[in-house]
J.: 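Following this message is one structure expressed as structure tokens.
Counting starts at 1 for both ligands and their atoms, following the listed order. Heavy-atom basis, side chains included; hydrogens, waters and symmetry copies ignored.
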Amino acid sequence: MKQWIESLLALQKVDMRIINLHLRLKMIPAEIKKLEEKKSNTETNLSETKSSMQKTGLDIKHAESVIAEINTKIEQLQQQSSLIKKNTEYKAMLSQIETQKEKISEQETIMLTLFDKDEENKEKYKEITKEFEAEKSEISEEIAELNELSSEVNAEIQQLIDSRPPLEARVDSAVLTQYKRLIKAKKAPLAKINSTGICSNCHLKITPQTMTETKKEAVVYCDNCSCLLYLEK
Ligand SMILES: [Zn+2]
């Protein structure tokens with residue numbers, strides 16, 4: 001194999017690795033963001049459950065004070081009723097007491113619902129707290145790993161970039177210019193030609209004349225996709 005092909009293949013290996021590493025690097029910020037969002041969603045869920053828990057607590061206290069007020073009122077009505085002489089007035093008073101007792105019953109039904117809700121909230125809060133604690137350290141670890149990966153990838157890219165000049169120096173400048181033009185499309189600039197004359201990049205058949213040139217290992221381009229061609233051995 002002629003030296004220009006060997007050198008360009010070595011350069012292409014380096015450049016394709018750099019391209020892939022850049023792609024990997026590009027994905028990292030979104031991966032970190034996703035992890036941070038997951039953590040913040042759990043945090044929001046936790047604080048919403050806490051607020052709901054506090055609100056239910058206040059609602060229970062309110063219902064309790066309403067019941068206490070009504071009980072005081074009933075006591076007052078009962079005291080007043082003992083002083084009443086007229087039967088009709090006494091009956092009216094009893095009816096008022098009955099109405100107040102119904103109100104208590106309503107409040108008690110409300111309280112039962114609130115107790116259920118309180119129970120539910122407490123259970124949910126416990127669960128989310130557990131989930132959050134486990135998730136917190138796990139996510140921090142994953143983010144640290146991604147940051148570490150990012151520095152490793154950057155270091156490797158730098159090493160690869162540093163290894164390029166000696167490889168470039170071995171290639172004719174006109175060929176190198178064409179190579180650089182092709183690599184800008186972020187795909188391999190060199191394509192293999194098999195014995196039947198099919199280009200490994202575009203999968204189309206090259207002309208017999210191009211095939212003859214390729215066999216001579218001359219600098220030649222695919223008729224269809226303009227890749228630099230070399231013969232598969
Ligand atoms: Zn081609």
J.: In plain terms, say whether E213 and K216 are close enough for a salt bridge, that is, a side-chain N and a carboxylate O under 4.0 Å apart.
T.: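 Result for this pair is yes, salt bridge flagged.
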
J.: Run the salt-bridge test on K122 and E127 with the 4.0 Å N-O cut-off and return the result as yes or no.
T.: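 Looking at E127 together with K122, the answer is no, because their closest N to O distance does not fall below 4.0 Å.
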
J.: Going by side-chain contact (heavy atoms from CB on, under 4.5 Å), name the residues that satisfy it together with E89, two or more places apart in sequence or in a different chain.
T.: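 Expected list: I84, K86.
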
J.: Consider side-chain contact (heavy atoms from CB on, under 4.5 Å). Of T214, T210, N201, which one does I193 pass it with?
T.: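 The side-chain contact (heavy atoms from CB on, under 4.5 Å) with I193 is passed solely by T214 among T214, T210, N201.
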
J.: Do any protein N, O or S atoms sit under 2.8 Å from the Zn ion (ligand 1), and which ones are they?
T.: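 Under 2.8 Å from the Zn ion (ligand 1) - ignoring waters, which are not counted - the protein N, O or S atoms are C199 SG, C202 SG, C222 SG, C225 SG.
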
J.: Taking the basic N atoms (NZ, or NE/NH1/NH2) and the acidic carboxylate oxygens, is any pair closer than 4.0 Å for K205 and D223?
T.: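 No.
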
J.: When you look at CD of E37, are more than 12 heavy atoms from neighbouring residues, nucleotides or ligands closer to it than 6.0 Å?
T.: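 Buried by this count: over 12 neighbours within 6.0 Å.
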
